[in-house]
Amino acid sequence: MLFKLYEKNNNPKDIDKIIQLLNDGGIIIIPTDTVYAISCNGMKNQAVERICRLKKIDPSKHHLSIICSDLSHISEYAKVSNSTFKLMKRNLPGPFTFVLPVSSNLPKVFRNRKEVGIRIPDNNIVKDICMALNAPLFSTTLPREEDEDIEYITDPELIDEKFGNDVDLVINGGIGGIKPSTVIDCTTDYPEIIRQGKGELNS
């Protein structure tokens, strides 16, 4: 099902419907400040596992990322040094994924991992959902076949056509981007860019 949301002035009842779906273990497709992503309540282990099956990824080997509503929530789910916090503060919200040592607060699927990716996208739709959910959103980019038209990961109507039967809701937030986030490994004393994406890091 395709569900239209806007950058501003969304009906709170529409947000509430999405929150109820996420709290019931549903999975959705959301716009971000980079690309469209498959997402769920990051504290619902079965929903996270469902997304991993849909994308055919092994959660014990694949990088897993969550979206937080703001910087104050990150320390609940990851271990953040003072220097890393300052780096994140200079660059977030924005098109970045910061890889941090994981805390024990995330569900079972994260337990065998030493790190977790943290995102705070510069996108009001995601921000509104995350703040109302009061929990992190698990998030991963849409799978794309090698020769497939790019519109199937950027155009909400075509995204719904392709994935509508696999997810519970597709949020139409306008045409999405094609460049992923810039990934910065902050698990050591010296942050390292391991994927250059849309974001230019202000170090």
Side-chain angles (χ1 to χ4, degrees), residues 5-10 15 18-19 22-23 27-44 47-48 51 62-107 109-110 113-142 153 171 173-174 176-188 191-203:
L5 287 180
Y6 303 90
E7 278 283 308
K8 294 180 180 179
N9 303 321
N10 287 302
I15 301 294
I18 295 167
I19 300 309
L22 292 168
N23 284 332
I27 65 174
I28 64 176
I29 293 177
I30 58 172
T32 72
D33 56 354
T34 53
V35 296
Y36 270 84
I38 312 174
S39 194
C40 69
N41 184 329
M43 304 307 288
K44 300 289 183 181
V48 175
I51 290 176
H62 193 274
H63 283 300
L64 301 180
S65 295
I66 59 172
I67 293 173
C68 294
S69 57
D70 59 45
L71 284 163
S72 65
H73 290 146
I74 291 173
S75 60
E76 294 179 41
Y77 311 110
K79 299 166 187 174
V80 191
S81 68
N82 287 337
S83 59
T84 298
F85 184 83
K86 290 175 182 175
L87 178 65
M88 295 172 79
K89 193 173 182 180
R90 285 194 293 273
N91 290 279
L92 295 175
F96 300 95
T97 300
F98 288 89
V99 180
L100 304 172
V102 70
S103 79
S104 59
N105 290 338
L106 289 168
V109 70
F110 291 88
R113 301 203 54 80
K114 294 180 180 178
E115 73 286 317
V116 62
I118 300 287
R119 288 219 62 204
I120 303 179
D122 188 13
N123 179 285
N124 287 337
I125 292 173
V126 175
K127 183 180 176 183
D128 287 350
I129 293 170
C130 212
M131 287 185 71
L133 184 64
N134 199 27
L137 288 165
F138 173 70
S139 171
T140 183
T141 55
L142 294 176
I153 61 167
I171 294 176
I178 58 173
K179 242 186 172 179
S181 62
T182 295
V183 181
I184 305 101
D185 185 348
C186 295
T187 58
T188 66
E192 178 186 1
I193 295 174
I194 56 177
R195 181 183 74 192
Q196 181 63 55
K198 182 179 177 182
E200 296 293 332
L201 189 68
N202 176 11
S203 56

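Heavy-atom basis, side chains included; hydrogens, waters and symmetry copies ignored.
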I'd like to check H63 versus V183 (side-chain heavy atoms, cut-off strictly below 4.5 Å). Are they in contact? no

Any non-hydrogen side-chain atom of L5 less than 4.5 Å from a side-chain atom of I18? yes

Nearest heavy-atom neighbours spanning S75 and S72: OG-O, 3.9 Å

Heavy-atom count around I178 CD1 within 6.0 Å, excluding the residue itself: above 12? no

I'd like to check L64 versus F138 (side-chain heavy atoms, cut-off strictly below 4.5 Å). Are they in contact? yes

Donor-acceptor pairs under 3.5 Å, side chain of residues 124-134 to any protein atom, not counting sequence neighbours: which ones?
from: N124; atom 1: ND2; to: E7; atom 2: O; distance (Å): 3.3
from: N124; atom 1: ND2; to: E7; atom 2: OE1; distance (Å): 3.4

Does the side chain of V116 come within less than 4.5 Å of I118's, by heavy atoms? yes

Go through it in stages, so that I can follow the logic: the residues are Q196 and T182, the test is side-chain contact (heavy atoms from CB on, under 4.5 Å), and I'd like the CA-CA distance, side-chain angles, deciding distance and then a yes or no. CA-CA 5 Å; Q196 181 63 55; T182 295; 3.3 Å; yes

Between I74, N91, T97, which is the residue that forms a side chain to side chain contact (heavy atoms under 4.5 Å, CB included) with I120? I74

Tell me, do L106 and M43 make a side-chain contact under 4.5 Å, heavy atoms counted? yes

Once rounded to the nearest 0.5 Å, what's the spacing between atom NZ of K198 and atom OG1 of T32? 7.5 Å

Distance from I184 atom CD1 to F96 atom CZ, nearest 0.5 Å? 5.5 Å

Are side-chain heavy atoms of F98 and L87 found at a separation under 4.5 Å? yes

Output yes when a side-chain donor or acceptor of N105 lies under 3.5 Å from a complementary backbone atom of E76, and no otherwise. yes

C186 versus P191, closest heavy-atom pair with distance: SG-CB, 4.1 Å

Taking every non-hydrogen atom, the tightest pair across V35 and K179: CG1-O, 3.7 Å

Under the 3.5 angstrom rule, does the side chain of T140 hit a backbone N or O of I38 as a donor-acceptor pair? no

Distance alone, cut at 3.5 Å: any donor-acceptor contact between the side chains of T34 and S181? no

What closest approach, in Å, do P95 and D33 show between heavy atoms, and which atom pair accounts for it? N-OD2, 3.2 Å

For residues I66 and F110, determine if any side-chain heavy atom of one lies less than 4.5 Å from a side-chain heavy atom of the other. yes

Hey, what do you get for CG (D185) to CG (L100), rounding to the nearest 0.5 Å? 9.0 Å

Taking all atoms of both residues into account, what is the closest heavy-atom pair of V80 and F85, and its distance? CG1-N, 3.7 Å

Please report the closest heavy-atom contact between L22 and C40, naming both atoms and the distance. CD2-CA, 3.8 Å

My understanding is that only residues two or more places apart in sequence, or in another chain, count here; which of them pass side chain to side chain contact (heavy atoms under 4.5 Å, CB included) with S139? A37, S39, I67

Say whether, by atom type as modelled, one donor and one acceptor occur between the side chain of R119 and the main chain of C68 under 3.5 angstrom. no

Backbone of L201 reached by a side-chain donor or acceptor of R90 within 3.5 Å: no

Side chain Y77, main chain A135, donor-acceptor under 3.5 Å: no

Measure the shortest side-chain to side-chain distance between K114 and T187 over non-hydrogen atoms and say whether it is less than 4.5 angstrom. no

